Amino acid sequence: MKEELILKSYEIAKERYAALGIDTDKVLEQLQDFHLSMHCWQADDVKGFEVQAGALSGGIQSTGDFPGAARNIDELRQDVLKAKSLIPGTHRLNLHEIYGDFQGKVVDRDEVSVEHFQSWIDWGKEHDTKLDFNSTSFSHPKSGNLSLSNPDKGIRDFWIEHSKRCRDIANAMGEAQGDPCIMNLWVHDGCKDVSVNHALYRNLLNQSLDEIFAKEQPMMKDCIEGKVFGIGLESFTVGSHDFYTAYAAKNDKILTIDTGHYHPTESPADKVSAVLPFVKELMLHVSRPVRWDSDHVTIMDDPTQELFFEIVRAGALDRVHYGLDFFDGSINRIGAYVIGSRSAQKCMLRALLEPKELLAQYELAGEGFKVLGVMEEQKAMPWQAVYDMFCLKNNVPVGDAFIAEIDKYVAEVTSKR
Ligand code: RNT
Ligand code: ZN
């Protein structure tokens, strides 16, 4: 798109929003300060780099075999940098433990340490990318149906040791980048069929978490993620939303809200103001469930938009961390990153552009039709011109120009894999 047209459109948008009391220049600054934590696992369908890697397990699935997936650490880094070059702003990278730099050696989950992530720490510095982290309970011979809640103490201790080591790694990342590394803990624990020992499993998970979190780690923050069910674990989930919400509130942990982890008619956005009086911070896993927790690429759909509206309306911008969590193996994976990230940003932009004081006043005055009227008009306001300006300022392709860039990358790089 011609620069002149982008600037002209922006000036018009600026005036339209100014009439509603919104300063688009200020919003652009706010958007610059909005950092996504890009998940590394879209690049390779959640395979990771363990020498001894088995099939993906733990009730999650990546479907599709679109050619060109990253096969090793160098390719993954290259793909992530390509994606980042097409997304405006500065963003973090969220690593799972199985993405360590294991140098061709078998390193079991209870043996992992900072050395396996030193090259990531160096890479992060070199590319101005802060790191976040995740322990990995799936795709391992000891994963089974129960990990941290397993009645077998040997298995439980194995995963406790793994999780403790992951916190050490996260803390080292935080120290190196001078900014706390956010570590997510999600375990798949559950039952496929009717089961009775629910209290036992939940008490064990509670105890395991206490043990894992016992050590003070000043440069990392813990977040904990529940869900409804996993494939093959349909009947019962130990770490449900209620379990982790209560645990986070009691133990001052960050609660992770994955948008695919609720019943289909339940609103993840509605959780924001419900839990924020009780938990200090939230981590998001922005995803897109299609009929189940399918982890489709994030788009500007209503549930995602509503989530960002709720964060901004709650005045909680600085209490939320913005992770992405989708993995679609059926389309170009760099395209997936770019579309998902840009869509999340656009949802945030629209939320920042909402005349929320005006809406709040109308609502408190009982002027219901005006609330509805302003909100409906917002849908067609020229926010896209503001986003285009944001891309221009950040020197990344404006509009759908990123598609040609990805085609070029396919021709030059991924098609040769
Ligand atoms: C699974 C959780 C979890 C994973 C990643 C790979 O349902 O959403 O966050 O997607 O850890
Ligand atoms: Zn998730």
Side-chain angles (χ1 to χ4, degrees), residues 36-50 53-63 70 76 92-100 109 131-140 143 145 147-148 159 162-163 166 169-170 181-190 222-234 236-241 243-245 248 253-264 268 271 282-298 303-304 307 320-329 333 336-337 340 344:
L36 293 165
S37 187
M38 288 171 61
H39 55 312
C40 70
W41 51 92
Q42 165 64 66
D44 75 333
D45 310 337
V46 212
K47 289 195 177 74
F49 308 131
E50 282 183 329
L56 182 59
S57 74
I60 52 177
Q61 244 167 44
S62 169
T63 56
L76 186 135
R92 304 169 73 99
L93 183 68
N94 197 5
L95 294 170
H96 243 286
E97 183 273 345
I98 50 173
Y99 288 79
R109 306 270 173 100
L131 303 174
D132 292 320
F133 202 53
N134 299 256
S135 52
T136 312
S137 70
F138 50 83
S139 310
H140 186 277
S143 295
N145 288 355
S147 63
L148 289 176
W159 292 110
H162 168 71
S163 315
C166 285
I169 295 166
C181 167
I182 314 292
M183 183 181 131
N184 189 54
L185 187 148
W186 166 72
V187 294
H188 55 277
D189 296 32
D222 297 294
C223 50
I224 46 182
E225 178 186 15
K227 71 187 279 185
V228 177
F229 78 95
I231 298 286
L233 301 165
E234 289 86 354
F236 172 70
T237 302
V238 184
S240 59
H241 173 75
F243 176 92
Y244 281 120
T245 306
K253 296 293 170 198
I254 300 177
L255 184 69
T256 301
I257 293 185
D258 182 311
T259 55
H261 286 194
Y262 299 93
H263 288 286
K271 315 281 172 204
L282 293 175
M283 172 67 160
L284 302 184
H285 272 190
V286 186
S287 189
R288 178 166 50 109
V290 177
R291 302 190 187 281
W292 71 289
D293 182 23
S294 60
D295 291 297
H296 279 65
V297 176
T298 294
T304 313
L307 177 64
V320 183
H321 306 275
Y322 303 91
L324 302 173
D325 185 12
F326 47 79
F327 31 100
D328 189 342
R333 295 170 185 80
Y337 272 129

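Start at 1 and go down the list; that is how both ligands and their atoms are numbered. Here the structure is a predicted model, which means the values were calculated and not measured. Excluded from the calculations below are hydrogen atoms, water molecules and symmetry mates; all remaining heavy atoms, backbone and side chain alike, are included. This chain uses plain numbering: 1 for the first residue, then up along the sequence.
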Which atoms of ligand 1 have any heavy atom of [X] under 4.0 Å away?
X      : result
Phe327 : 10 (O)
Ile60  : 1 (C), 7 (O)
Asp258 : 8 (O)
His285 : 9 (O)

| Among the heavy atoms of His96, does any lie under 4.0 Å from an atom of ligand 1? |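 Per 4.0 Å heavy-atom rule, His96 contacts ligand 1.
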
| Residue-ligand contact His261/ligand 1, heavy atom below 4.0 Å | yes

| query | Under 30°, 30 to 60°, or over 60°: which ring-plane class applies to Trp292 and Phe229, parallel, tilted or perpendicular? | reply | tilted

| Side chain, backbone, both or neither: which part of Asp293 has a heavy atom under 4.0 Å from ligand 1? |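 Answer for Asp293: side chain.
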
For [atom], what is the closest protein heavy atom, and at what distance to 0.1 Å?
atom                   : result
atom 9 (O) of ligand 1 : Glu225 OE1, 2.7 Å
atom 7 (O) of ligand 1 : Lys227 NZ, 2.8 Å
atom 4 (C) of ligand 1 : Asp325 OD2, 3.6 Å

| query | Taking the side chain as C-beta and beyond, is there a heavy-atom pair between Thr245 and Lys271 under 4.5 Å? | reply |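 Sidechains of Lys271 and Thr245: no contact.
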
| message | For His261 together with Tyr244, are the ring centres under 6.0 Å from each other? | response | no

| Angle subtended at the Zn ion (ligand 2) by OE2 of Glu225 and OD2 of Asp258, to 10 degrees? | 90°

| task | To 10°, measure the OD2(Asp325)-the Zn ion (ligand 2)-ND1(His285) angle for me. | result |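 Computed angle, vertex at the Zn ion (ligand 2), rounded to 10 degrees: 100°.
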
| note | Which of Phe133, Phe327, Phe138 passes ring pair (Phe, Tyr, Trp, His ring centres under 6.0 Å) with His96? Answer is Phe138

| query | Which residue, Ile182, Leu284, Thr256, forms the side-chain contact (heavy atoms from CB on, under 4.5 Å) with His321? | reply | Ile182

| message | We want to know whether Asn134 and Asn94 form a side-chain donor-acceptor pair, criterion being a heavy-atom distance below 3.5 angstrom. | response | yes

| query | Are Ser294 and His296 close enough that a side-chain donor and a side-chain acceptor fall under 3.5 Å? | reply |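 Yes, His296 and Ser294 have a side-chain donor paired with an acceptor closer than 3.5 Å.
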
| Going through the checks in order, is the side-chain hydrogen bond (donor to acceptor under 3.5 Å, both in side chains) test met by His188 and Ser147? | CA-CA 8 Å; His188 55 277; Ser147 63; 4.8 Å; no

